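Structure first, then comments.
Bear in mind the structure is a predicted one, so any value in this text is a computation, not a measurement. One-based numbering along the sequence shown. Note that ligands are numbered from 1 as they come in the structure, with each ligand's atoms numbered from 1 the same way.
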Amino acid sequence: MSIEFYDRNSESFFAQTVSADMSAAQNRFLQHVPRGGRILDAGCGSGRDAKAFVGQGYEVEAFDASAEMVRLAAAHTGLPIRQMTFQDMQWNRYFDGIWASASLLHVPRAELPGIMSKFKRALRPGGMWYVSFKHGASDRDKDGRHFTDMTEEALRTELKAMQDLEVVEIWVSEDVRPNRASEFWLSGLIRRVASASSLEES
Ligand SMILES: C[S@@+](CC[C@H](N)C(=O)[O-])C[C@H]1O[C@@H](n2cnc3c(N)ncnc32)[C@H](O)[C@@H]1O
């Protein structure tokens with residue numbers, strides 16, 4: 001359901017988000033990604049962050065499930081943005097960093113473990129993964145979108161069930177968009193660590 005929302009409201013969503021100042025979270029993430037490394041922007045929306053990462057010298061791939069957001073993000077970034085879903089992800093140990101800003105929040109909670117394991121698989125050991133969700137404990141449908149809200153405890157529980165991940169930090173912040181300061185976000189930085197087993201899952 002959420003994807004149709006973005007197809008129908010692409011222009012207004014683009015306008016509301018393309019100039020949001022995400023530099024604080026971007027900098028927190030980038031300090032863990034080697035200079036010039038390969039970053040995936042998963043559920044890139046406007047392409048705002050993909051463009052910022054390219055501007056800082058990173059090699060960037062980006063995708064979104066919404067055809068209309070892909071069109072706008074490609075025009076904004078000049079990158080070949082792919083139209084695909086998290087479910088389609090097949091990368092294996094490929095990225096130094098994965099940026100999932102406000103995108104996993106549309107995955108139903110029961111589907112998160114399967115999707116999150118695809119993110120882990122796509123990261124190189126040592127790679128860094130940024131996630132953000134709306135802060136809270138609800139599972140809710142609002143105006144044509146599904147939201148899986150997250151608390152620190154719930155995120156830690158999700159991650160604990162997966163092997164070879166280390167929480168670097170989790171923090172709560174206000175929305176950076178004008179007039180949204182009453183909305184709070186839960187963000188996390190998670191590192192894929194080398195597996196203890198020599199027969200690592202791929
Ligand atoms: C709230 S927007 C966030 C966009 C951007 N990352 C940002 O921070 O501004 C959520 C984005 O995730 C995309 N999305 C939602 N579910 C997805 C899925 N299963 N696979 C890929 N993209 C998805 C939507 O199309 C939308 O562009």
Which residue and heavy atom of the protein sit nearest atom 12 (O) of ligand 1, plus the separation
S103 CB, 3.6 Å

Can you classify the ring geometry of Y94 versus W91 as parallel (below 30°), tilted (30 to 60°) or perpendicular (above 60°)?
parallel

Evaluate the ring planes of F29 and F53, with Trp represented by its six-membered ring, and classify them as parallel (under 30°), tilted (30 to 60°) or perpendicular (over 60°).
tilted

Below 4.0 Å from any atom of ligand 1, is there a heavy atom belonging to F13?
yes

Any idea which atoms of ligand 1 are less than 4.0 Å away from a heavy-atom of M84?
21 (C)

Report the part of I3 (side chain from C-beta onward, or backbone N, CA, C, O) that has a heavy atom under 4.0 Å from ligand 1; answer both or neither where that applies.
side chain

Tell me whether R71 is salt-bridged to E11, with the criterion being a basic N under 4.0 Å from an acidic carboxylate O.
yes

Criterion side chain to side chain donor-acceptor pair (under 3.5 Å) against D149, the qualifying member of R109, R140, K134
R140

Could you find the nearest protein heavy atom to atom 8 (O) of ligand 1 and give me its residue, atom name and distance?
S101 OG, 2.7 Å

Verify the ring-centre separation between F86 and H106: is it less than 6.0 angstrom?
no

Checking heavy atoms under 4.0 Å, the part of C44 that sits near ligand 1 is backbone

for atom 22 (N) of ligand 1, nearest protein heavy atom and its distance come out as A65 N, 3.3 Å

Identity and distance of the protein heavy atom lying nearest atom 25 (O) of ligand 1
D64 OD1, 2.5 Å

Identify, by atom number and element, the atoms of ligand 1 in contact range of Q87, meaning under 4.0 Å from any of its heavy atoms.
19 (N)

Atoms in ligand 1 with a heavy atom of T85 nearer than 4.0 Å
20 (N), 21 (C)

Is there a donor in the side chain of Y6 and an acceptor in the side chain of R145, or the other way round, less than 3.5 Å apart?
yes

For A65 and I3 the tightest heavy-atom approach is CB-CD1, 3.5 Å

In terms of side-chain heavy atoms, does D49 have a donor or acceptor partner in Q26 at a distance below 3.5 Å?
yes

Record the part of F86 in heavy-atom contact with ligand 1 below 4.0 Å; permitted values are side chain, backbone, both and neither.
both

From the options A102, S10, G43, P108, select the one whose nearest heavy atom is closest to atom 4 (C) of ligand 1.
G43

For atom 7 (C) of ligand 1, the protein heavy atom that lies nearest, with its residue and separation:
R48 NH2, 3.2 Å

Taking only heavy atoms of F63 into account, list the atoms of ligand 1 that are under 4.0 Å away from them.
21 (C)

Look at the rings of F119 and W129 and say which category their plane angle falls in: under 30° parallel, 30 to 60° tilted, over 60° perpendicular.
parallel

Would you tabulate the side-chain donor-acceptor contacts of residues 153-162 under 3.5 Å, counting partners in other chains and residues two or more places apart, or write 'none'?
from : atom 1 : to   : atom 2 : distance (Å)
R156 : NE     : E152 : OE2    : 3.0
R156 : NH2    : E152 : OE2    : 3.0
T157 : OG1    : E153 : O      : 2.8

Distance under 4.0 Å to a non-hydrogen atom of H106: what atoms of ligand 1 satisfy this?
1 (C), 10 (C), 15 (C)

